[in-house]
Amino acid sequence: MSAGRRRLPLLILAVGALVVAVFLFTYNPAPVIPRDRDHVAARLPEGCLVCHGPAGRTPRPENHPISQACLSCHRWGP
Ligand code: HEC
Ligand code: HEC
């Protein structure tokens, strides 16, 4: 067996580890929506933006996606 062939499994492992590392460093799931009184009472998405809109009490951060389909990313908490 040539030296190149013996190194192939190692190469595959290294590439696999790299893919996993990149995934873990960039995976940023949207936080869940807490089931407190404010949230359970709010109507989507207008109700949400009363507090999380630009003029609200706790605006979404500058770098937040502009989409207003909140539930396409945020799930309700347990
Ligand atoms: C009455 C004001 C108010 C309304 C209405 C409201 N929120 Fe919030 N929301 C808050 C506050 C205050 C926090 C921060 C509280 C905390 O971190 O526990 C928060 C936190 C969050 C978080 C982040 C939780 C975390 O773990 O960081 C998400 C996601 C969220 N709200 C989504 C929504 C969605 C979707 C709606 C509409 C259904 C909504 N909110 C309606 C006040 C509100
Ligand atoms: C395209 C996906 C997407 C949609 C749609 C979306 N969000 Fe988010 N949201 C995120 C992600 C991702 C984060 C985490 C951002 C971070 O950690 O920097 C986040 C974070 C938040 C937070 C927490 C901010 C903080 O200070 O920690 C709130 C509040 C929030 N979103 C509210 C909303 C509301 C309200 C809507 C609907 C009007 C909405 N989001 C729609 C992806 C989304």
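Both ligands and their constituent atoms are indexed starting at 1 by order of listing. Positions are given from 1 along the sequence. Computation of the quantities below employed the complete heavy-atom set of this structure, encompassing side-chain atoms and omitting hydrogens, waters and symmetry-equivalent molecules.
- Both Val20 and Tyr27 are assigned to one and the same hydrophobic cluster, defined by single-linkage of ILVMFWY side chains at heavy-atom distances under 4.5 Å.
- Side-chain atoms of Ile33 and Arg75, non-hydrogen and from C-beta on, never get closer than 4.5 Å to each other.
- Among protein heavy atoms, atom 22 (C) of ligand 1 sits closest to Pro34 CD, 4.1 Å.
- Protein heavy atom nearest atom 35 (C) of ligand 1, with residue, atom name and distance: Ile33 CD1, 3.4 Å.
- The nearest heavy-atom contact from the protein to atom 39 (C) of ligand 1 is His39 CD2, 3.1 Å.
- Protein heavy atom at the shortest distance from atom 2 (C) of ligand 1 is Cys51 SG, 1.9 Å.
- The protein heavy-atom contact nearest to atom 24 (C) of ligand 1 is Val32 O, 3.7 Å.
- Note that atom 20 (C) of ligand 1 has protein non-hydrogen atoms nearby, at separations under 4.0 angstrom.
- Close approach of ligand 2 to Ala69 (heavy-atom distance below 4.0 Å) involves ligand atoms 5 (C).
- For the pair Cys70/Pro45, a side-chain contact is recorded, criterion being any heavy-atom separation below 4.5 Å from C-beta on.
- The nearest protein heavy atom to atom 10 (C) of ligand 1 is closer than 4.0 Å.
- Nearest to atom 5 (C) of ligand 1 among the protein's heavy atoms is Gly47 O, 3.3 Å.
- Interface of Cys48 with ligand 2, defined as ligand atoms under 4.0 Å from a residue heavy atom, comprises 35 (C).
- Of all the heavy atoms of Thr58, none lies under 4.0 Å from any atom of ligand 2, so neither backbone nor side chain is involved.
- Close approach to Ser67 involves these atoms of ligand 2, each under 4.0 Å from a residue heavy atom: 5 (C), 41 (C).
- In this structure, the separation between CG on Leu71 and CD on Gln68 is 13.0 Å, given to the nearest 0.5 Å.
- A pairwise comparison of heavy atoms in Trp76 and Arg35 identifies CB-NH2, 3.4 Å as the closest pair.
- Distance check: Arg7 CZ to Ile12 CD1 gives 14.0 Å after rounding to the nearest 0.5 Å.
- His74 is listed as a side-chain neighbour of Pro31, based on a closest heavy-atom distance under 4.5 Å.
- Residue contact check: Pro61 has heavy atoms under 4.0 Å from atoms 24 (C) of ligand 2.
- A donor-acceptor pair is defined here as one N or O able to donate and one able to accept, closer than 3.5 Å; no such pair exists between the side chain of Arg57 and the backbone of Cys51.
- Considering only non-hydrogen protein atoms, atom 12 (C) of ligand 2 sits nearest to Asn28 O, 3.7 Å.
- There is a protein heavy atom less than 4.0 angstrom from atom 7 (N) of ligand 1.
- Residue contact check: Ala42 has heavy atoms under 4.0 Å from atoms 5 (C), 37 (C), 38 (C), 41 (C) of ligand 1.
- The distance from ligand 1 to the heavy atoms of Leu44 drops below 4.0 Å at these ligand atoms: 38 (C).
- Distances shorter than 2.8 Å separate atom 8 (Fe) of ligand 2 from the protein N/O/S atoms His64 NE2, His74 NE2.
- Residues Pro59 and Pro54 share a closest heavy-atom pair of CB-O, 4.0 Å.
- Note that the CZ atom of Arg43 and the CG atom of Leu49 stand 12.0 Å from one another [nearest 0.5 Å].
- Contact annotation for atom 17 (O) of ligand 2: protein present (non-hydrogen atoms, distance under 4.0 Å).
- Within ligand 2, counting atoms from 1 as listed, the ones closer than 4.0 Å to a heavy atom of Ser72 are 5 (C).
- For a threshold of 3.5 Å applied to N or O pairs, the pair formed by Arg57 and ligand 1 contains no separation below that value.
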